[in-house]
Every structure is written in structure tokens, then in C-alpha cells.
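Report on the following structure.
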Amino acid sequence: MSAPPVIDTLARDAARRLFGAGPETEAPARIAAVEALAGGTGASTGALRLYRLEGGDGFVEKHTSSALEYALARAQLADTAAGLSRCPVMLRFLAAAPDPAGGYRLFMERLEGIGDNNGWLWGAEVALAEAAETFSQAIAGMRQRHGLALRPAPDVFGRLARALAGSESGKEDQIGGRLAALQAALAGYPSRPAHNDLFWPNIGRAPGSGGLVFLDFALVGDNQPGADFHHFAKGLKKSAQHRAFFLALTARAADLAGIPAGIIRAGACMSAAARALTRETRRGRPEAGQHQARRFIDLAEAALQGDGPGEKKNGERGA
Ligand SMILES: Nc1ncnc2c1ncn2[C@@H]1O[C@H](COP(=O)(O)OP(=O)(O)OP(=O)(O)O)[C@@H](O)[C@H]1O
Ligand SMILES: [Mg+2]
């Protein structure tokens with residue numbers, strides 16, 4: 001379905017920037033078509049548009065209500081203007097401005113291969129761990145340079161303790177004590193910037209270089225080490241292939257962060273537990289959320305003990 005073409009100054013600026021051209025250049029401003037782009041299921045996303053340029057290139061406009069995503073776009077554009085090299089793992093923004101009608105208009109490069117987990121992400125465990133580490137460090141730098149207010153780390157343990165203490169089997173399995181023990185085990189590892197929504201629909205490939213690139217920054221914020229892999233922790237319950245992916249991903253992430261793999265895996269599982277609770281409660285199924293959260297808590301405990309098949313003991317390195 002085609003949206004009516006909206007080609008204004010901002011869109012033309014984005015087209016010029018895509019080609020690294022000056023404002024007087026005419027050629028890159030030739031936008032052949034504007035189409036609605038599938039996607040945009042997130043709470044903060046309005047419209048997504050693809051601008052097709054003559055010659056086959058294109059770029060994307062996202063309308064968002066996320067002030068954080070806008071702030072990150074502005075920070076990246078300011079860094080580029082100041083001559084700093086862009087973090088290769090962060091989607092390249094071309095232009096960004098508040099929309100007088102509300103929210104923000106973000107223009108960005110068009111990525112390839114988004115959501116294509118079967119096509120290419122298998123085998124990319126190491127690349128993904130490295131990309132997540134690079135991204136975290138880049139966001140830390142941007143926060144420092146631009147005074148960005150990132151989301152604080154969520155109170156995962158408090159949330160789980162409150163929700164599970166009252167649940168049916170809360171007393172039998174002494175969930176409070178188990179959560180306290182997990183919290184104590186993770187306490188020595190400080191929060192750091194995380195993408196927080198890292199999974200197939202938010203990971204693409206850069207045009208040309210083919211490197212992994214993250215998009216969708218509405219949830220960027222501090223989180224416990226490993227939290228960024230919460231979507232992949234679901235793989236522990238899916239198949240041997242998914243499980244192996246998670247173990248290799250987190251082994252490399254642990255090496256990069258210089259902390260035990262068990263801590264990274266437990267962090268991912270605890271984050272997955274809290275997210276499952278939130279998601280299922282929002283869907284009106286709090287009991288399903290509690291059930292899923294308990295399974296992730298079991299997996300977090302197993303990860304800390306390093307007793308899962310194919311896992312290394314806490315403190316050991318490597319896949
Ligand atoms: N730059 C891009 N290049 C190619 N496809 C894109 C691009 N930006 C978005 N898309 C497509 O649109 C989908 C949704 O975009 P995005 O992830 O930014 O929004 P969302 O999931 O609705 O997010 P939010 O949580 O920010 O509200 C992506 O999964 C992808 O399929
Ligand atoms: Mg998304």
C-alpha cells in the first residue's frame with residue numbers, strides 16, 4: 001500500500017546526507033516514491049516510510065513518540081558533525097526533528113536482512129556478542145558527551161519478588177530466599193548501557209559492509225550485565241540449536257566483559273523472567289507470566305551453578 005508522498009525539506013536533507021552531498025547538490029534529492037513500510041508494532045512507533053530514490057537506493061522515516069530515541073539520533077548526528085566516527089553497530093541517522101504535530105521524525109539509512117534469523121544470524125553468535133559490547137560502550141560515550149538521561153536499570157528482583165510472593169506456590173518453593181540469593185550473586189556486577197530490545201526484528205545488516213547493525217532505540221538504558229540477551233535466553237527452552245546459540249553468545253559476551261559466563265546467563269534469564277511477567281500480565285494472563293518467570297528463575301540458578309548441558313562452570317571462559 002502506498003502512502004501519499006510527503007517529500008519536504010527534512011526528507012531532502014536526509015537524501016543528501018545519505019550521499020554525503022552538500023546542500024546545493026540536486027541529484028540525491030530525486031526521491032522516486034514514498035511507500036508505507038511494514039512494521040512498527042512497538043508502543044512508541046507511529047508510521048514507518050520507505051523513500052525510494054532514483055537508482056535504487058532508499059532510506060527510512062520513522063515517526064516515534066520516544067524522546068529517548070530522538071535524543072540518541074540527535075547525539076549521533078552531532079557527533080558526526082563534530083567529526084567523530086560513528087559506532088558501526090548503531091543505525092545511521094540522516095536527519096531528526098520534532099514533528100509539529102507531536103512526536104519526532106527520524107530519518108535513517110535502510111538496513112538489509114532485518115528479522116531474517118534463519119537467513120544469516122545462525123553462526124553469528126560471536127559477532128552478535130561483539131556488537132552488543134560495542135553498542136554498550138558507544139552509548140556510554142554518548143551519554144557522557146551529551147548528558148543523555150538513559151532509563152535507569154529496572155528493579156527486576158523487586159518486581160519478581162512482589163509478583164511471585166503472593167502466587168500459589170510462592171511459599172512452597174521459598175521464592176523470596178531464592179531471589180535474594182540470585183540478587184546477591186549478581187550484585188557485584190554493575191549495570192551498564194544496554195539496547196534492551198535485542199532480537200531479530202531490531203537487528204539488520206549494513207548496506208555494503210554487511211556488518212550487524214542495531215535499530216530501534218526506544219528502550220535503551222542501563223541494565224544488569226547479560227540483560228541484553230533476554231530474548232535469546234528463551235532459546236534455552238526451545239531447541240538444542242537455540243540453546244547452543246545462547247551459550248556461545250553469552251560465552252563470548254562474558255569474555256568481552258571480563259566477567260563469568262554464569263553471571264551473564266543469569267542476568268539474561270532474570271531479565272527474561274521480569275519481561276515475561278510484564279508481557280503476560282499486560283495480556284491479561286498474570287498466572288502464565290508467573291509460571292514463565294519461575295522457569296527463567298530456575299534457568300538462572302542453573303546458569304550460576306554451571307550445571308546445564310554444554311555449560312561451563314561459573315568463572316570458566318569459552319563456549
Ligand atoms: N532503517 C530501516 N531499514 C529497514 N527496515 C526498517 C528500518 N527501520 C525500521 N524498519 C522495519 O520496521 C520495523 C519496526 O521498526 P522499529 O523496530 O524501529 O520500530 P518498533 O519495533 O515499532 O519500535 P519501538 O519499540 O521503537 O516503538 C523493523 O523491525 C523493520 O522491519
Ligand atoms: Mg523494533
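By convention here, the first residue in the shown sequence is residue 1. As the structure lists them, so they are numbered: ligands from 1, and atoms in each ligand from 1. Reckoned from all heavy atoms, side chains included, excluding hydrogens, waters and symmetry mates.
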Could you check whether any heavy atom of E112 sits closer than 4.0 Å to an atom of ligand 1, since that is the contact criterion I want to use?
no

Can you find an N or O of A218 that's nearer than 3.5 Å to an N or O of ligand 1?
no

Those residues at least two apart in sequence (or on a different chain) that pass side chain to side chain contact (heavy atoms under 4.5 Å, CB included) with H242 are W122, K238, S239

Q. Are the side chain of T250 and the backbone N or O of L247 linked by a donor-acceptor pair below 3.5 Å?
A. yes

Margin query: Donor-acceptor pair, distance only, cut-off 3.5 Å: does the side chain of R110 make one with the backbone of L50?
Written below: no

Hits for side chain to side chain contact (heavy atoms under 4.5 Å, CB included) against E125, two or more places apart or cross-chain, chain-then-number order -> F245, A248, L249

query = Heavy-atom distance under 4.5 Å between the side chains of L128 and E130, does that happen here?
reply = no

> Under the side-chain hydrogen bond (donor to acceptor under 3.5 Å, both in side chains) criterion, do D79 and H146 qualify, and how do the steps go?
Replying inline: CA-CA 9 Å; D79 282 348; H146 301 281; 2.7 Å; yes

query: Is R86 reaching over with its side chain to a backbone N or O of M90, donor-acceptor style, under 3.5 angstrom?
result: yes

With the threshold set at under 4.0 angstrom, would you say L215 reaches ligand 1 through any of its heavy atoms? yes

Restricting to heavy atoms, the pick from L106, N202, L48 nearest atom 15 (O) of ligand 1 would be L48

Notebook entry, point to check: D197 to ligand 1: N or O pair under 3.5 Å?
Noted result: no

Numbered in order shown, the ligand 1 atoms found under 4.0 Å of a heavy atom of M108 are 1 (N), 8 (N)

The atom of D216 among N, O or S that is nearest the Mg ion (ligand 2) is OD2

Ligand 1 to K62, heavy atom cutoff 4.0 Å, flagged ligand atoms 16 (P), 18 (O), 19 (O), 23 (O), 24 (P), 26 (O)

Q: Measure centre to centre between the rings of F214 and F199, then say whether the value is under 6.0 Å.
A: no

Here the atoms of ligand 1 under 4.0 Å from any heavy atom belonging to E69 are 26 (O)

Of D216, L37, L91, I203, the one whose closest heavy atom lies nearest atom 21 (O) of ligand 1 is D216

In ligand 1, the atoms that come under 4.0 Å of a heavy atom of P201 are 28 (C), 29 (O)

